[in-house]
2 protein chains.
Amino acid sequence: MGISGKHIKPTESELEILRVLWEKGPSTVREVHEVLGQSKDAGYTTTLKLMQIMHEKGLLDRDTSSKTHIYSSAVSQENTQRQLLDKMIDTVFNGSASQLVLQALGNHTSSKEELEKIKQYLNDMEKKINN
Amino acid sequence: MGISGKHIKPTESELEILRVLWEKGPSTVREVHEVLGQSKDAGYTTTLKLMQIMHEKGLLDRDTSSKTHIYSSAVSQENTQRQLLDKMIDTVFNGSASQLVLQALGNHTSSKEELEKIKQYLNDMEKKINN
DNA sequence: ATGAATATACGAATATCTTCGTAAACAAAT
DNA sequence: ATTTGTTTACGAAGATATTCGTATATTCAT
């Protein structure tokens, strides 16, 4: 199992923090906390504690060279997405990715461009299967 | 909010039980427990307790007319899948269903038939958009 | 009827996640 | 130097999820 294959399992709250860090890049607890504050209200030390735990778990890296620590995500967004998605396919959609795809498309209007992109992708895939 | 719009949020273990009931239909605790036993090992009373709690929460219906109670899912597989999926799109894929779709297709080889089905679906959708 | 097997009900222990209060360290301003 | 504000560290409370031991009820075979 490679570096990207580590079994990550962020909790709800942890995922919120990861999203902020993926978006903003390396940040202080204060910065993360302020972004979160827009959607949720928890105390500052709550955010701090969560990020400390995430660091212990290996979800976050941190730079402690200055007094105010700088945290950054130690897991890539793509790997995390893939792992959570794979798990959902397994446990919710009985292993059928296409069942999930149909469900996803059915309930979310996608733009014409997005649909094109997906169709293009499917065409390429069919070619591969046929060869 | 309709009957199908209730905000369901089964836990990991609860989902395992729901899957058995969706598959097998109405079942006793014993029957569910035996299916679960193949992949996990917990005591019988653990399964019982979980199913009792699920009944309290409204996730399961039960028929107590005979001594051995018969449980069945009170939530449809499709609605549950949709809710969990919507949530994942929101919290993991920043609201982009198509991003999720591409990720899902990329990592799971689907059969030619499945791809056809999806393409057909996409074609229909494009027509709708164009009209 | 008695005993063995099986079922439910209940309470509680354990684990994990989330939250926050408080203390100690540090920096900047007065 | 003292105060004020900001930060980290620590511990613990609260909430939820998971697990199981034990008691009680019921069925069935003897």
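Throughout, protein chains are lettered first and strands after them, A, B, ... in sequence-line order, and every chain is numbered starting at 1.
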**Request:** Keeping the roles fixed (side chain from A/S98, backbone from A/V101), state whether a donor-acceptor pair exists under 3.5 Å.
**Result:** no
**Request:** Starting from P on C/dC10, measure out to CE on B/M51 and report it in whole angstrom.
**Result:** 17 Å
**Message:** If the threshold is 4.0 Å, N to carboxylate O, is there a salt bridge linking A/K87 and B/E12?
**Reply:** yes
**Message:** For a quick test of reading the model: is some side-chain N or O of A/R30 closer than 4.0 Å to OP1 or OP2 of D/dT7?
**Reply:** yes
**Message:** Of the listed nucleotides (C/dA9, C/dC10, C/dA7), which one gets closest to any side-chain atom of B/Q52?
**Reply:** C/dA9
**Message:** It should be established whether A/R62 places a side-chain nitrogen or oxygen under 4.0 Å from OP1 or OP2 of nucleotide D/dT7.
**Reply:** no
**Message:** Under 4.0 Å, counting only non-hydrogen atoms across every strand here, what does B/K40 touch: a base, just sugar-phosphate, or nothing?
**Reply:** sugar-phosphate
**Distance in angstrom units between A/E14 CD and C/dC17 P, rounded** = 7 Å
**Prompt:** Looking at the side chain of B/V29, which of C/dT8, D/dC20, D/dA17 is the nearest nucleotide?
**Reply:** C/dT8
**Prompt:** So, are A/E16 and A/K40 salt-bridged, with charged N and O less than 4.0 Å apart?
**Reply:** yes
**Message:** Would you say A/T68 places a side-chain N or O within less than 4.0 Å of OP1 or OP2 belonging to D/dT7?
**Reply:** no
**Item:** Sugar-phosphate only, base, or nothing, as touched by A/T46 at under 4.0 Å among non-hydrogen atoms
**Value:** base
**Request:** Using a heavy-atom cut-off of under 4.0 Å over every strand shown, decide if A/T45 touches base, sugar-phosphate, or nothing.
**Result:** base
**Request:** Tell me which of A/I53 and A/K67 sits closer to the 5' end of DNA chain C, going by the nucleotide each one is nearest to.
**Result:** A/I53
**Asked** Which nucleotide, D/dA9, D/dA17, D/dT19, lies nearest any side-chain atom of B/L50?
**Response** D/dT19
**Item:** Spacing between B/L48 atom CG and D/dT24 atom C1', to the nearest angstrom
**Value:** 13 Å
**Prompt:** Do A/S65 and A/D63 have a side chain donor and acceptor closer than 3.5 Å?
**Reply:** yes
**Asked** Is the distance from OP1 or OP2 of D/dT19 to the nearest side-chain N or O of B/Y44 less than 4.0 Å?
**Response** no
**Asked** CD of A/E56 versus P of D/dC10: gap in Å, rounded?
**Response** 9 Å
**Prompt:** Within the structure shown, what part of the strands sits under 4.0 Å from B/T11 by heavy-atom distance: base, sugar-phosphate, or nothing?
**Reply:** sugar-phosphate
**Salt bridge B/K57-B/E14, side-chain N to carboxylate O under 4.0 Å** = yes
